[in-house]
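See structure below.
No experiment lies behind these values; they were computed from the predicted model shown. Computation of the quantities below employed the complete heavy-atom set of this structure, encompassing side-chain atoms and omitting hydrogens, waters and symmetry-equivalent molecules.
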Amino acid sequence: MNNKKTAVFDGLLGDNTVLSSLMVISPVIMCGNTLANAVALIYAFSAITFFSVVLGSFVPKRFPYAAKIIIYAVISSIVYIPVRTVAREFFPEVITHVGIYFPLLAVNSLIVVQSETKFCRMKRGTMIGSLVFYILGFDAVMIVTAFVRELLAYGTINGKLMDADTLISGLGLPFGGFIFLGLMCGLYRKVRSAARRENSETGGDGNVPRN
């Protein structure tokens with residue numbers, strides 16, 4: 001697989017939005033302690049980011065950098081309105097619980113930073129494919145984090161009581177989320193380094209991006 005094709009999939013494994021780039025970590029740490037929260041945030045992040053970046057790709061490239069960043073923020077704010085309206089119907093309790101972290105998704109790094117530095121420099125078809133995998137990278141981290149933290153902190157899965165012998169209540173708190181995410185980042189980087197080393201030794205293209 002050549003560099004161009006591999007780059008499309010980077011957002012999921014090679015350059016994961018959260019574990020590699022350390023972007024959009026606040027919702028994962030603060031709110032990723034139950035599957036209910038995770039599903040609502042995944043919906044919001046995916047919808048807001050996808051439509052905002054795709055619409056932002058139509059902004060003329062000749063515009064000044066500062067103007068484009070403002071336009072991207074305005075677009076994401078407009079996209080946020082219907083996304084929140086739908087969320088109120090399907091996740092009313094979660095929206096109240098996550099508080100400020102829900103609207104903060106409208107100004108996440110993939111929109112206000114990566115739109116200009118990465119996505120808008122690609123052809124639109126390639127950009128959409130790459131964007132989808134960057135979004136999936138966040139979604140995967142959020143769902144795994146929420147599953148483990150809810151099970152170990154509360155002994156439940158999506159609110160249903162499980163047969164858990166030992167609970168670690170601190171995992172449900174922000175500091176527990178920070179520690180757990182740090183462990184995930186360390187494991188991810190170790191596995192990625194090992195894969196890169198193996199790929200280099202076997203004569204692969206070794207194109208997994210470095211931070």
Side-chain angles (χ1 to χ4, degrees), residues 4 7-32 36-92 94-146 181 209 211:
K4 186 174 181 181
V8 173
F9 302 97
D10 278 345
L12 182 59
L13 297 175
D15 187 27
N16 185 275
T17 305
V18 180
L19 301 181
S20 176
S21 305
L22 297 179
M23 296 188 295
V24 207
I25 62 173
S26 295
V28 178
I29 292 173
M30 302 299 295
C31 308
N37 288 355
V39 170
L41 290 171
I42 285 172
Y43 152 72
F45 176 86
S46 302
I48 293 171
T49 302
F50 181 82
F51 290 110
S52 296
V53 174
V54 170
L55 291 174
S57 68
F58 291 96
V59 176
K61 291 181 171 53
R62 66 177 180 274
F63 281 16
Y65 175 80
K68 285 190 284 187
I69 295 300
I70 294 172
I71 293 173
Y72 296 151
V74 171
I75 291 173
S76 65
S77 299
I78 294 173
V79 171
Y80 169 78
I81 296 172
V83 170
R84 182 178 177 85
T85 300
V86 173
R88 283 177 174 173
E89 295 295 322
F90 291 94
F91 315 105
V94 174
I95 301 305
T96 301
H97 179 69
V98 300
I100 190 62
Y101 295 99
F102 196 88
L104 280 178
L105 294 175
V107 287
N108 72 74
S109 302
L110 285 184
I111 298 173
V112 298
V113 177
Q114 297 287 67
S115 285
E116 181 61 20
T117 61
K118 180 186 292 289
F119 298 124
C120 290
R121 298 185 180 185
M122 302 175 177
K123 292 183 178 180
R124 189 160 288 113
T126 303
M127 179 206 73
I128 291 175
S130 179
L131 175 61
V132 167
F133 279 96
Y134 269 90
I135 291 172
L136 289 176
F138 170 86
D139 296 348
V141 173
M142 175 62 82
I143 202 73
V144 170
T145 301
L181 185 60
N211 291 332

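When atom types are taken as modelled, the side chain of Arg84 and the backbone of Pro103 share no donor-acceptor pair closer than 3.5 angstrom. A donor-acceptor pair is defined here as one N or O able to donate and one able to accept, closer than 3.5 Å; such a pair exists between the side chain of Ser52 and the backbone of Ile48. A donor-acceptor pair under 3.5 Å is formed between the side chain of Asn37 and the backbone N or O of Cys31. Thr17 places no side-chain N or O within donor-acceptor distance of the main-chain N or O of Met23, the cut-off being under 3.5 Å. Counting only distance, with no hydrogens or angles, the side chain of Ser76 and the backbone of Ala73 share a donor-acceptor pair below 3.5 Å.
Closest approach of Cys120 to Ser57, counting heavy atoms only: SG-CA, 3.9 Å. Residues Met122 and Ser130 come closest through the heavy atom pair CE-OG, 3.7 Å. The two atoms that bring Ala40 and Val94 nearest to each other are CB-CG1, 3.4 Å, heavy atoms only. Heavy-atom minimum distance, Ile111 versus Thr49: CD1-CA, 3.9 Å. Across all non-hydrogen atoms, the minimal contact from Ala47 to Val79 is O-CG1, 4.2 Å. Contact between Pro60 and Lys68 at its shortest, heavy atoms only, is O-CD, 3.8 Å.
Atoms OG and OH, on Ser46 and Tyr134 in that order, are 15.5 Å from each other to the nearest 0.5 Å. If you take CZ on Phe63 and CD1 on Ile71, they are separated by 5.0 Å, rounding to the nearest 0.5 Å. The CG atom of Leu105 sits 10.0 Å away from atom CD1 of Ile100, with the distance rounded to the nearest 0.5 Å. A distance of 10.0 Å separates CG of Leu41 from CD1 of Ile143, quoted to the nearest 0.5 Å. Taking CG from Leu181 and CG from Leu19, the interatomic distance works out to 6.5 Å, rounded to the nearest 0.5 Å. Distance check, rounded to the nearest 0.5 Å: CD1 of Ile75 to OG of Ser77 gives 10.0 Å.
Residues Val86 and Phe91 have side chains not in contact (no heavy-atom distance under 4.5 Å, counting atoms from C-beta outward).
Checking Val54, Leu110, Thr126 one by one against Phe119, the side chain to side chain contact (heavy atoms under 4.5 Å, CB included) holds for a single residue, Leu110.
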Between Arg124 and Ile128, is the side chain to side chain contact (heavy atoms under 4.5 Å, CB included) condition met? List the steps.
CA-CA 6 Å; Arg124 189 160 288 113; Ile128 291 175; 4.2 Å; yes

Go through the steps for Phe138 and Val28 under the test side chain to side chain contact (heavy atoms under 4.5 Å, CB included), then give the verdict.
CA-CA 9 Å; Phe138 170 86; Val28 178; 3.8 Å; yes

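Counting only N and O atoms by type, the side chains of Glu116 and Tyr72 include a donor and acceptor under 3.5 Å apart.
For Tyr43, the OH atom sits in a packed shell: over 12 heavy atoms of surrounding residues, nucleotides or ligands are nearer than 6.0 Å.
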